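These figures come from a predicted structure and were not determined experimentally.
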Amino acid sequence: MYSNRTTTLEITGYDALAMSEFRIHHDVNELLSLLHVRGGDGAEVYIDLLQKNRTPYVTTTVSAHSAKVKIVEYSKTPEDFLRKYDELKSKNVRNLDPLVYLLSKLSEDKETLQCLQQNAKERSEATGNVTSSTSTTFAIPPTSTKMSMQELEELRKKLGNVTASSNVPQSAEVTRKMLRDRHNKKNPTQPNPVFPNWVYDRPALIGDFITGATPAGGDPAVAVGTMPLPAQEQALVDDLLFVLIGVDGRDITAQPVLGRQNRSFIIDPSLDMSIKELVNRILPVASYYSTITRFTEEKSSFEYGQVNHALTAAMRTLMKEYLILVTQLEHLHRQGMLSLQKLWFYIQPTMRTMEILASIASSVDKGDCMGGSTLSLLHDRTFNYTGDSQAQELCLYLTKAASVPYFEILEKWIYRGIIKDPYSEFMVEEHELQKEKIQEDYNDKYWDQRYTIVQHRIPSFLQKMADKILSTGKYLNVVRECGRDVTCPDAKEILYTLKERAYVEQIEKSYYYASKVLLDFLMEEKELVARLRSIKHYFLMDKGDFFVHFMDLTEEELKKPVDDIVPPRLEALLELALRMSTANTDPFKDDLKIDLMPHDVITQLLRVLAIETKQEKAIINADPTEVALSGLEAFSFDYIVKWPLSLIINRKALTRYQMLFRHIFYCKHVERLLCNVWISNKTAKQYALHRAKWFAAAFALRQRMLNFVQNIQYYMMFEVMEPTWHIMENNLKSASNIDDVLCHHTSFLDNCLKDCMLTNPELLKIFSKLMSVCVMFTNCMQRFTQSMKLDREMNRLTLEHGTMEGPPTQSERTVEQEKKRLTSKFLAEHMDALQSDSCFEATISKFDSNFSTLLLDLLDKLSVYSTNDCEHSMINIIYRLDFNGFYTERLERMAIERSQKAAA
């Protein structure tokens with residue numbers, strides 16, 4: 001079963017290149033749901049397989065035909081398949097040929113076919129009861145009795161009514177109203193112009209047959225079959241000349257049409273067979289005329305867009321030539337010089353033209369084509385008529401005419417960055433998004449969502465250039481929104497041609513111009529690189545003196561619970577630190593702000609990493625910790641970025657910077673705590689020898705902790721961030737467009753997060769525990785050192801001595817007694833805390849054991865990830881922390897135990 005699903009997913013990859021990452025996830029989950037796949041390895045495994053094994057599929061006439069032939073060979077009902085294929089092709093269904101290619105591949109894989117057949121059988125059995133309960137019911141007699149002919153006829157009528165009601169297409173009026181409402185909802189300030197009602201209420205204006213009208217011939221009482229053959233021929237010529245322009249004759253009448261049916265005709269049955277045969281050859285032209293006339297009248301409405309309007313105008317131009325021909329034939333008929341054979345001879349050259357026009361009209365109508373989809377259909381027809389020069393020239397004329405309004409929208413977009421698409425026909429769609437929200441909403445994707453590609457509106461001849469067209473207009477639009485008017489200097493009129501290179505060159509020229517304009521604007525005028533350097537100074541902590549000064553100033557304030565901190569005071573201290581350090585030379589320092597976060601950095605990272613995983617609900621719904629968040633844990637920087645730099649330095653990027661900063665900032669805080677312990681431990685030298693020995697193990701542990709924290713910081717700052725930053729800077733110098741800049745910047749942040757162990761929940765939890773052990777150790781040492789100082793102070797305090805002025809006074813004795821009482825109380829409290837862990841040596845031993853276990857666990861996990869996942873940069877931590885081989889033996893022992901467990 002696994003191999004079956006894998007094969008299916010690998011085959012699906014041929015058409016997956018056009019998918020976004022979200023679309024791939026959605027489609028794979030949908031496929032697994034349809035196949036009723038539960039448990040197993042989950043969607044992620046198949047998504048990885050799909051992304052690794054997908055290859056581009058290029059549709060060609062040969063590949064589509066061979067795939068179709070292959071399916072016909074395997075199919076039990078090839079006629080039904082070919083009929084459905086032709087129907088979908090006539091409707092201009094997108095990606096039909098890639099789908100047929102996929103099906104042909106599936107038909108070759110017997111194992112997958114068996115799996116799919118079994119799945120289909122299970123689904124049909126599961127849904128059988130539901131279908132029977134929800135289907136339309138009729139009063140059918142019991143099976144024990146036979147149905148009478150009357151009951152059978154009634155049942156047939158009911159079934160026929162149900163079928164007819166389900167197949168009746170929407171009326172043109174309903175369709176127009178739906179399109180008009182959709183447009184007015186999207187553009188309330190620019191309502192669609194509407195034709196007056198009398199245009200639709202007067203059928204005689206249309207030019208098509210009017211059902212129920214009086215025939216245009218002579219006396220209907222005389223049957224045409226009773227006339228002599230010459231008279232029959234002349235009567236039929238007279239009728240045909242009327243029918244060819246949409247008017248019923250005496251002996252030839254048009255049948256009513258329902259929806260998109262082709263027009264059919266009734267001929268007097270008494271007519272001579274030879275004449276009737278010739279008339280039947282000519283009548284398709286009248287049917288084509290009816291189809292074209294109905295199409296041009298319907299699609300010329302404003303609701304169907306400019307492309308369809310231009311197409312109907314071109315068709316009307318061609319129809320004028322047809323009507324001129326019919327007028328000339330009528331003139332010959334009046335002179336008695338037109339026989340039925342001559343009519344057939346004269347009409348033949350036009351017959352092919354009318355057939356092509358009617359075919360195109362039917363396909364556009366069936367496919368509900370508008371805008372780009374209409375152009376795709378016309379282009380495919382033009383391309384498919386290669387070898388038939390007359391037909392290809394006709395389709396080329398129609399495509400050129402229909403593409404004019406589309407190319408006008410395209411020119412404004414790629415030359416000026418403006419969309420003027422009143423009828424929603426263009427491939428690029430604009431959405432109402434405010435650029436100011438880019439700094440407020442983490443999930444706001446202005447750059448991706450303000451302008452998007454609508455797949456079914458892309459003409460097939462512009463499919464390869466769609467991304468460049470989108471990017472070109474977006475680039476120019478950004479510059480335009482900054483108040484600068486830009487127009488491409490190489491702007492030329494774009495015309496449709498079978499030689500795609502002509503307009504491809506124009507699109508590429510405008511793309512390179514737009515890329516250069518926006519890139520120069522951001523790099524030079526808006527100083528993007530200088531801004532990024534400014535952010536690096538603060539968020540990646542490369543201004544050492546500023547941070548030492550800032551942490552000295554804010555140490556007492558940040559020790560408070562976050563609810564007790566006054567943000568304006570922190571802002572004032574930040575301003576002071578900026579002015580009194582080398583950061584004062586930064587021109588963008590005033591954009592740096594203070595931000596107090598609702599979670600500590602570990603919780604924030606774990607919540608982000610848990611998105612779309614099994615642990616997501618557990619983490620989100622978990623009760624908040626009872627321990628109040630301190631200022632140090634909640635503290636972070638924020639940065640003010642204005643448009644258009646907010647495209648690059650958006651809220652998503654700033655959040656990544658904040659995560660990196662909070663991680664390093666907390667490491668720096670732990671390092672300061674350990675250094676403070678080193679300073680306070682100097683007092684141990686003043687104690688007796690046996691008491692000073694107690695500190696030996698504590699000093700060694702403190703040094704190991706300090707070595708760990710400092711090496712981790714060095715690794716993150718000098719082996720991860722600095723090299724990655726220089727790579728990004730060099731890449732930015734060679735970037736050719738803003739998408740490259742976005743890609744390089746995002747890649748820089750992602751690599752930093754990954755190499756700093758912030759994207760791996762397992763490593764993150766171990767690191768968090770190590771930091772907690774270090775903080776708890778420093779708190780313990782500070783309490784013990786404080787208690788030693790108080791003990792010595794107790795011994796020193798005495799009331800036996802006096803001052804230089806004589807024995808102590810009563811007030812001095814009172815003050816000293818109170819001081820002694822408070823000191824004793826404080827000492828008793830701290831000594832109780834130490835005595836609860838039995839003794840100082842046992843406490844230090846426990847800290848040592850916990851720290852060593854966690855550190856070994858971290859080194860072991862780093863070793864595994866650096867080997868299995870090729871995360872080579874992480875192995876540098878092992879080399880730095882195990883520089884003298886102190887942990888090597890134990891790590892090797894753990895690796896052997898792990899391999900033995902795996903083998904078992």
Before giving the answer on side-chain contact (heavy atoms from CB on, under 4.5 Å), spell out for Leu325 and Ile347 the whole-Å C-alpha distance, their side-chain angles and the decisive distance to 0.1 Å.
CA-CA 8 Å; Leu325 172 64; Ile347 208 74; 4.3 Å; yes
Begin from the C-alpha positions of Leu318 and Tyr397 and carry the test side-chain contact (heavy atoms from CB on, under 4.5 Å) through to its verdict.
CA-CA 10 Å; Leu318 295 171; Tyr397 167 76; 4.0 Å; yes
Go through the steps to decide whether Asp365 and Lys299 satisfy the test side-chain contact (heavy atoms from CB on, under 4.5 Å), and finish with yes or no.
CA-CA 9 Å; Asp365 204 23; Lys299 300 300 180 184; 3.4 Å; yes
Check the pair Thr382 / Thr399 against side chain to side chain donor-acceptor pair (under 3.5 Å), numbers first and verdict last.
CA-CA 8 Å; Thr382 307; Thr399 313; 3.2 Å; yes
One pair to check against side-chain contact (heavy atoms from CB on, under 4.5 Å): Ile414 and Leu476. What are the steps and the verdict?
CA-CA 8 Å; Ile414 64 173; Leu476 294 175; 5.9 Å; no
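Counting only distance, with no hydrogens or angles, the side chain of Asn477 and the backbone of Gly473 share no donor-acceptor pair below 3.5 Å. Checked by atom type and distance alone, the side chain of Arg457 never pairs as donor or acceptor with a backbone atom of Ser373 at under 3.5 Å. Under the 3.5 Å distance criterion, the side-chain polar atoms of Asp490 are left unmatched by any main-chain donor or acceptor of Lys509. A distance-only check finds no donor-acceptor pair linking the side chain of Thr291 to the backbone of Arg263 [under 3.5 Å]. In this structure a side-chain-to-backbone donor-acceptor pair under 3.5 Å is present from Ser376 to Ser460. The main-chain N or O of Leu742 is found under 3.5 Å from a side-chain atom of Thr746 such that the two form a donor-acceptor pair. The backbone N or O of Gly371 lies less than 3.5 Å from no partner atom in the side chain of Tyr423, so there is not a single donor-acceptor pair. The backbone N or O of Ile418 lies less than 3.5 Å from no partner atom in the side chain of Glu430, so there is not a single donor-acceptor pair. A side-chain donor-acceptor contact under 3.5 Å links Tyr415 to the backbone of Lys492. Checked by atom type and distance alone, the side chain of Ser471 never pairs as donor or acceptor with a backbone atom of Lys468 at under 3.5 Å.
The pair Arg294-Glu297 does not meet the salt-bridge criterion, since no charged nitrogen lies less than 4.0 angstrom from a carboxylate oxygen. For the pair Arg501 and Glu505, the salt-bridge criterion is met [side-chain N within less than 4.0 Å of a carboxylate O]. The pair Glu729-Arg533 meets the salt-bridge criterion, with a side-chain N (NZ, NE, NH1 or NH2) lying under 4.0 Å from an Asp/Glu carboxylate O.
Within the structure, ring-ring contact (aromatic ring centres under 6.0 Å, His included) pairs that include any residue of residues 483-517 comprise His379-Tyr496, Phe461-Tyr496, Phe461-Tyr503 (at least two apart or interchain).
Side-chain contact check for Asn262 and Ser287: no donor-acceptor pair (N or O, by modelled atom type) lies under 3.5 Å. In summary, the side chains of Tyr639 and Ser534 do present a donor paired with an acceptor at a separation below 3.5 Å, with no hydrogens or angles considered. Side chains of Tyr406 and Glu425: a donor-acceptor N/O pair is absent below 3.5 angstrom, by distance only.
Considering only heavy atoms from C-beta on, Tyr385 stays 4.5 Å or farther from Leu396 through its side chain. The side-chain heavy atoms of Leu378 and Val364, taken from C-beta on, include no pair separated by under 4.5 Å. A 4.5 Å side-chain heavy-atom check between Phe407 and Leu495 finds every atom pair outside the cut-off. Residues Leu462 and Ile507 are in side-chain contact: their nearest non-hydrogen atoms beyond the backbone lie under 4.5 Å apart. Between Leu398 and Ile360 the shortest side-chain heavy-atom distance falls below 4.5 Å. In this structure the side chain of Ile535 reaches within 4.5 angstrom of the side chain of Ile649, judged on heavy atoms. With contacts defined as side-chain heavy-atom distances shorter than 4.5 Å, the pair Leu394/Gln390 does not qualify. Side-chain atoms of Trp413 and Thr472, non-hydrogen and from C-beta on, never get closer than 4.5 Å to each other.
Counting non-hydrogen atoms of neighbouring residues, nucleotides and ligands closer than 6.0 angstrom, the NZ atom of Lys536 exceeds 12 such neighbours. Heavy-atom contacts from other residues, nucleotides or ligands closer than 6.0 Å to CD of Glu393 number 12 or fewer. Asp388 CG: more than 12 foreign heavy atoms inside a 6.0 Å radius. The environment of CD in Gln348 is crowded: more than 12 heavy-atom neighbours from other residues, nucleotides or ligands sit within 6.0 Å.
Interatomic distance, OG1 of Thr487 versus CZ of Arg416, reported as 5.0 Å (0.5 Å rounding). One finds the CG atom of Leu518 at 8.0 Å from the SG atom of Cys482 (value rounded to the nearest 0.5 Å). Taking CG from Asn737 and NZ from Lys474, the interatomic distance works out to 10.5 Å, rounded to the nearest 0.5 Å. Going from atom CZ of Phe521 over to atom OH of Tyr475 covers 15.5 Å, rounded to the nearest 0.5 Å. Distance check, rounded to the nearest 0.5 Å: CG of Asn308 to CE of Met370 gives 6.5 Å. Going from atom CG of Leu522 over to atom CD of Glu527 covers 11.5 Å, rounded to the nearest 0.5 Å.
The shortest non-hydrogen separation linking Asp740 to Ala735 is CB-CB, 3.9 Å. When all heavy atoms are compared, the tightest approach of Ser300 to His309 is O-ND1, 2.9 Å. Contact record, Ile458 with Gln463: CG2-CA, 3.8 Å, taken as the closest heavy-atom pair. Heavy atoms only, all atoms of each residue included: Leu357 and Met315 are closest at O-CE, 3.6 Å. For the residue pair Met427 and Pro459, the shortest heavy atom distance occurs at CE-CD, 3.9 Å. The shortest heavy-atom contact between Cys488 and Ser510 is SG-CA, 3.9 Å.
Legend: residues meeting salt bridge (Lys or Arg N to Asp or Glu O under 4.0 Å) with Asp591, ordered by chain and number and at least two apart, are Arg531.
Across Asn731, Ile727, Asn730, a single residue satisfies side-chain contact (heavy atoms from CB on, under 4.5 Å) together with His744, and that is Asn731.
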